[in-house]
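Chain naming here is simple, since letters A, B, ... match the order of the sequence lines and numbering starts at 1 in each.
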Protein chains: 2
Amino acid sequence: MSSCETCVVRNRAICAGLDNRELLALNAMGRRRSVTAGESLIWEDDDSLLVANVIEGVLKLTTSTEDGREQIVGVAYPSDFIGRPFGQTSRSSVVALTDAKVCVFARNDFDRYAREHPELEHKLLERTLAELDRTRSWMMLLGRKTASERIATFLLEMADRFGETGCAPVLSPASRFALPFSRQQIADLLGLTIETVSRQFTRLKQDGVIGLPSRREVEVLDRRALEALTG
Amino acid sequence: MSSCETCVVRNRAICAGLDNRELLALNAMGRRRSVTAGESLIWEDDDSLLVANVIEGVLKLTTSTEDGREQIVGVAYPSDFIGRPFGQTSRSSVVALTDAKVCVFARNDFDRYAREHPELEHKLLERTLAELDRTRSWMMLLGRKTASERIATFLLEMADRFGETGCAPVLSPASRFALPFSRQQIADLLGLTIETVSRQFTRLKQDGVIGLPSRREVEVLDRRALEALTG
DNA sequence: GCGCGCATTTGATTTTGATCAAAGCGAAGC
DNA sequence: GCTTCGCTTTGATCAAAATCAAATGCGCGC
């Protein structure tokens, strides 16, 4: 039996829309793999040997300078595609932020298969175009926004992704969620230092805009205020 | 006669590899258009109505905040593809930096045509993946590099694209080129202010790393030094 | 050739966020 | 329950780049 049949991202990942025969062939090429938090799956500037679908967990894409400065250039969530197809080298590292499960393929197998399946390539193209849009709007944040604008933008994006707004239609819906990032990782995502991130969080808490039930949890108390701060 | 036949980017743009019949169909859908320096072709957050190949000239892709801060999120050169296929809205503006010629298509015509021509979609995918790589490495610059590192990175990239290195094999090949950017545009590209850009240029000139024959021209005198500054 | 307007450069000062340093806190193990 | 370690917060100071302001000079039209 194909493990694709029971895959939780079956209908959201790029494999969606493949028929049973195609899925069987893809299944034969790939294998599931567990990655523990902190473990690397792909290394910057290494040969691009594998690509994967994220089934579960959160991973970061990073680039680093020689002297150790790091910038998170992307974040991959379940159903996202990671790795560099059709290219010799991978330009960023991929590291698990939480324990994760991925469905990996040898890159050359995947490339060959994709070229024979235009529908799959089309899905990959749509995803890549959307990711490029997201990346470009993050460039605006990194190039032109202040620390507090960066934090507000980040928190709203997290709230939209993870927040469970109460069912009652209230004016400023509070939303509570767990961050998959440490303070340092938030800094690496926003192009700030850990101290600046911490101070901005403290300020928003003091102003009653957010609550911080624990280190990894955030509660958006005043969404409007946060939206007004995004710049 | 198809104007594609005489197109100077015929063998480099995504149309490369199409056979005569396909080219004829594509040609029937598109039309050439001249854009003068400063003129907009696409507006941020507008419906995505057109896509295009750049034939001649340089264009900037930008996003702006409400209060007028601008970030250049991409630069398009001859043979590059611009616009947002397969999407409802365009997330950045496209404005000509120099007088330019483009080959434009109605987006929905292009989308339909592309879906019927996997080879074309594949070329677009390869281009989009490469652009995503470039964009991500620019994120590192915006998030983590200092002003002088940004300037050095920028100048080397410009030198590689525009510079004509002398034929004699010398140790530190000098390379001279004209910038398609004003100081303000360089600032918008690097996430800096015009004053900072100007001061960094002046410093590099004083240090003998570059020459500035005119406002729009740069001569790289000491490539090694510049490389050492990229961070 | 001359003056005009605008982009650029230069200078003074301020601000933001980084850096350096120390204290606080919470989860895991003993 | 207590200790420990690492993450986070807080505080003090510093530095880089932004801002504010003025001068310069280049290219263009007359």
>> If I take atom CG in residue L179(A) and atom C1' in nucleotide dT8(D), what distance separates them, rounded to the nearest angstrom?
In response: 14 Å

> Between the main-chain N or O of S92(B) and the side-chain N or O of T63(B), is there a donor-acceptor pair closer than 3.5 Å?
Replying inline: no

>> Against the six-membered ring of F177(B), is R161(B) placed for a cation-pi contact (under 6.0 Å from the centre, within 45° of the normal)?
In response: no

> Taking five pairs at each end, how big is the angle between the two axes of the helix from dG1(C)-dC30(D) to dC30(C)-dG1(D), to 10°?
Replying inline: 40°

> Quick one, which residues of residues 202-217 of chain A touch DNA chain C with a heavy atom under 4.0 Å?
Replying inline: R215(A)

> Among residues 136-143 of chain A, which residues get a heavy atom nearer than 4.0 Å to DNA chain C?
Replying inline: none

> Separation of I186(B) atom CD1 from dA7(C) atom P, in whole Å?
Replying inline: 14 Å

> Which whole-number value in Å describes the distance from R183(A) CZ to dG26(C) P?
Replying inline: 13 Å

>> List the residues meeting salt bridge (charged side-chain N to carboxylate O under 4.0 Å, His left out) with R134(B), not counting sequence neighbours, and say none if there are none.
In response: E131(B)

>> Filter on ring pair (Phe, Tyr, Trp, His ring centres under 6.0 Å), then keep only pairs touching residues 204-227 of chain A, sequence neighbours left out; what's left?
In response: none

> Which pairs, with at least one residue in residues 187-213 of chain B and sequence neighbours excluded, count as a salt bridge (charged side-chain N to carboxylate O under 4.0 Å, His left out)?
Replying inline: R144(A)-D188(B)

> Has the side chain of T65(A) got a donor or acceptor atom that lies under 3.5 Å from a matching backbone atom of R69(A)?
Replying inline: yes

> Is the closest side-chain heavy-atom distance between R216(A) and S182(A) below 4.5 Å?
Replying inline: yes

>> I'd like to know if the side chain of T230(A) pairs up with that of E227(A) as donor and acceptor (distance under 3.5 Å, no hydrogens or angles considered).
In response: no

> Can you list the residues that meet the ring-ring contact (aromatic ring centres under 6.0 Å, His included) rule with F201(B), with sequence neighbours excluded?
Replying inline: none

> Once each nucleotide of nucleotides 12-23 of chain D is scored for protein heavy atoms under 4.0 Å, what B/S/- sequence comes out, 5' to 3'?
Replying inline: B----SSBB---

> Taking the side chain from T196(A) and the backbone from L192(A), do they hold a donor-acceptor pair closer than 3.5 Å?
Replying inline: no

> Which residue pairs pass the salt bridge (charged side-chain N to carboxylate O under 4.0 Å, His left out) test with at least one member in residues 82-99 of chain A, sequence neighbours excluded?
Replying inline: R84(A)-D133(B)

> Relative to the ring of F110(B), is the ring of F105(B) parallel (under 30°), tilted (30 to 60°) or perpendicular (over 60°)?
Replying inline: tilted

> Hey, can you pull the residues of residues 57-68 of chain B with a non-hydrogen atom under 4.0 angstrom from DNA chain D?
Replying inline: none

> Can you list the residues that meet the side chain to side chain donor-acceptor pair (under 3.5 Å) rule with R107(A), with sequence neighbours excluded?
Replying inline: D111(A)

>> Enumerate the salt bridge (charged side-chain N to carboxylate O under 4.0 Å, His left out) contacts for residues 52-64 of chain B, please, sequence neighbours excluded, ordered by first and then second residue.
In response: K60(B)-E70(B)

>> Counting neighbours of NZ on K101(A) that are heavy atoms of other residues, nucleotides or ligands and sit closer than 6.0 Å, is the number greater than 12?
In response: no

